[in-house]
Every structure is written in C-alpha cells, then in structure tokens.
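Written below as structure tokens is the structure these notes are about.
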Amino acid sequence: QVQVVESGGGLVQAGGSLRLSCAASGSIFSIKSMGWYRQAPGKQREMVAIIASGGSTNYADSVKGRFTISRDNALNTVYLQMNSLKPEDTAAYYCKADRGFLGDSWGQGTQVTVSS
C-alpha cells in the first residue's frame, strides 16, 4: 500500500506562487505515476499535472506554462510549482499515486486560495 500526504497550500494574491509537496510512503516501487488533481466547490475533480515513473509529464491546458511538476526520488516526493496563480486556480489540491491495477492512493488535500 501507498500513503501520500500533501502540504504547501495557502492563500496568495493573483500572480503569486506556491509550491505544493506530496510525500509518498509505503510500497513506493509499485507507483506507476503520481499526479496533482484539484477540485473547486461544486465542480468535478480535474487533473492538473502528472509525472510518470519514466519522468514524462502531462499538464492540463489551463496550467501549461505556469505549473511545473517534478520529483525528488530520494525523498519520495513530488512537487507542483505553481506560478502566475489566478483566482480560477482556487481549489483543494490532491495528490494521487497511481499503482495501476493495484489501485490509486489519494492524499487528504491541501487548500489553495488565490485572491484577486
């Protein structure tokens, strides 16, 4: 099993930056990819960024050029650098560890609020 814990959320002004962290523990070698998802009130959870075990990345169109997902294998941690934040980025951000057929593990979420 894999457990993930997010941190780094907060309140920032539009145009500001935040870096979210997602620390994984447990059977980390089973992880196929890790990603960041977000959910605003009244909306479906959506993919923000994914990084696969091989290092390839994928981003939602709305965050391309502004957000960067990266990893530190030594720390079993994935980061989401969020720059040029917009009010529409306001959401609860969740980290997911994808273990393929073994299932997914979700973190508890961290709130990001961007004021205008």
Side-chain angles (χ1 to χ4, degrees):
Q1 296 183 355
V2 172
Q3 293 179 323
V4 294
V5 179
E6 307 99 329
S7 62
L11 174 63
V12 298
Q13 297 181 36
S17 298
L18 284 173
R19 189 179 75 159
L20 307 183
S21 298
C22 173
S25 62
S27 185
I28 60 174
F29 294 105
S30 67
I31 298 175
K32 180 180 178 180
S33 66
M34 296 188 69
W36 288 97
Y37 297 73
R38 66 187 182 187
Q39 186 169 21
K43 294 186 177 181
Q44 297 285 337
R45 189 170 297 185
E46 64 177 349
M47 185 274 289
V48 176
I50 296 172
I51 185 164
S53 60
S56 62
T57 58
N58 189 31
Y59 297 92
D61 288 341
S62 60
V63 307
K64 287 181 179 178
R66 300 189 298 121
F67 292 8
T68 302
I69 188 169
S70 61
R71 66 185 181 189
D72 185 334
N73 290 331
L75 299 177
N76 301 322
T77 300
V78 172
Y79 304 96
L80 184 67
Q81 180 65 46
M82 309 166 67
N83 298 327
S84 302
L85 283 162
K86 304 174 181 179
E88 50 263 46
D89 295 319
T90 296
Y93 283 71
Y94 299 87
C95 181
K96 183 183 78 171
D98 181 359
R99 300 198 298 152
F101 70 91
L102 295 175
D104 302 332
S105 297
W106 290 89
Q108 82 286 355
T110 185
Q111 179 67 36
V112 172
T113 302
V114 184
S115 64
S116 60

How many angstroms lie between atom CE of Met34 and atom OG1 of Thr77, to the nearest 0.5 angstrom? 8.0 Å
How far does OG of Ser62 sit from CG of Asp89, to the nearest 0.5 angstrom? 7.0 Å
Side chains of residues 15-25: which donor-acceptor pairs under 3.5 Å do they make with residues two or more places apart or in other chains?
{"from": "Ser17", "atom 1": "OG", "to": "Asn83", "atom 2": "OD1", "distance (Å)": "2.9"}

Mark yes or no for whether Ser116, through its side chain, and Pro87, through its backbone, hold a donor-acceptor pair below 3.5 Å. no
Quick one: name the residues clustered hydrophobically with Leu11, using the 4.5 Å side-chain heavy-atom rule over I, L, V, M, F, W, Y, and just say none if it's on its own. none
Qualifying disulfide (SG to SG under 2.5 Å) pairs with a residue from residues 23-91, counting only residues at least two apart or across chains: none
With a sphere of 6.0 Å drawn around CD of Gln81, does it hold more than 12 non-hydrogen atoms of other residues, nucleotides or ligands? yes
For residues 98-112, which side-chain N or O atoms pair as donor and acceptor with protein atoms under 3.5 Å away, sequence neighbours left out?
{"from": "Asp98", "atom 1": "OD1", "to": "Gly100", "atom 2": "N", "distance (Å)": "2.8"}
{"from": "Arg99", "atom 1": "NH2", "to": "Leu102", "atom 2": "O", "distance (Å)": "3.4"}
{"from": "Ser105", "atom 1": "OG", "to": "Val2", "atom 2": "O", "distance (Å)": "2.8"}
{"from": "Gln108", "atom 1": "NE2", "to": "Glu6", "atom 2": "O", "distance (Å)": "3.0"}
{"from": "Thr110", "atom 1": "OG1", "to": "Gly9", "atom 2": "N", "distance (Å)": "3.1"}
{"from": "Gln111", "atom 1": "NE2", "to": "Ala91", "atom 2": "O", "distance (Å)": "3.4"}
{"from": "Gln111", "atom 1": "NE2", "to": "Thr113", "atom 2": "OG1", "distance (Å)": "3.4"}

Are Val78 and Val63 connected in a single hydrophobic cluster, I mean Ile/Leu/Val/Met/Phe/Trp/Tyr linked by side-chain heavy atoms less than 4.5 Å apart? yes
Quick one: closest heavy-atom pair of Ala97 and Val4, and the distance? CB-CG1, 3.9 Å
Taking every non-hydrogen atom, the tightest pair across Leu85 and Arg66: CA-NH1, 3.9 Å
Tell me, please, which residues at least two apart from Lys64 pass salt bridge (charged side-chain N to carboxylate O under 4.0 Å, His left out). Asp61
Residues pairing under ring pair (Phe, Tyr, Trp, His ring centres under 6.0 Å) where one sits in residues 5-29, two or more places apart or in two chains, turn out to be none
In short, ring pair (Phe, Tyr, Trp, His ring centres under 6.0 Å) pairs touching residues 59-99 with sequence neighbours left out are none
Which pairs of donor and acceptor atoms, one on a side chain in residues 45-57, lie under 3.5 Å apart (sequence neighbours left out)?
{"from": "Arg45", "atom 1": "NE", "to": "Gln39", "atom 2": "OE1", "distance (Å)": "3.4"}
{"from": "Arg45", "atom 1": "NH2", "to": "Gln39", "atom 2": "OE1", "distance (Å)": "3.3"}
{"from": "Glu46", "atom 1": "OE2", "to": "Arg38", "atom 2": "NE", "distance (Å)": "2.8"}
{"from": "Glu46", "atom 1": "OE2", "to": "Arg38", "atom 2": "NH2", "distance (Å)": "3.4"}

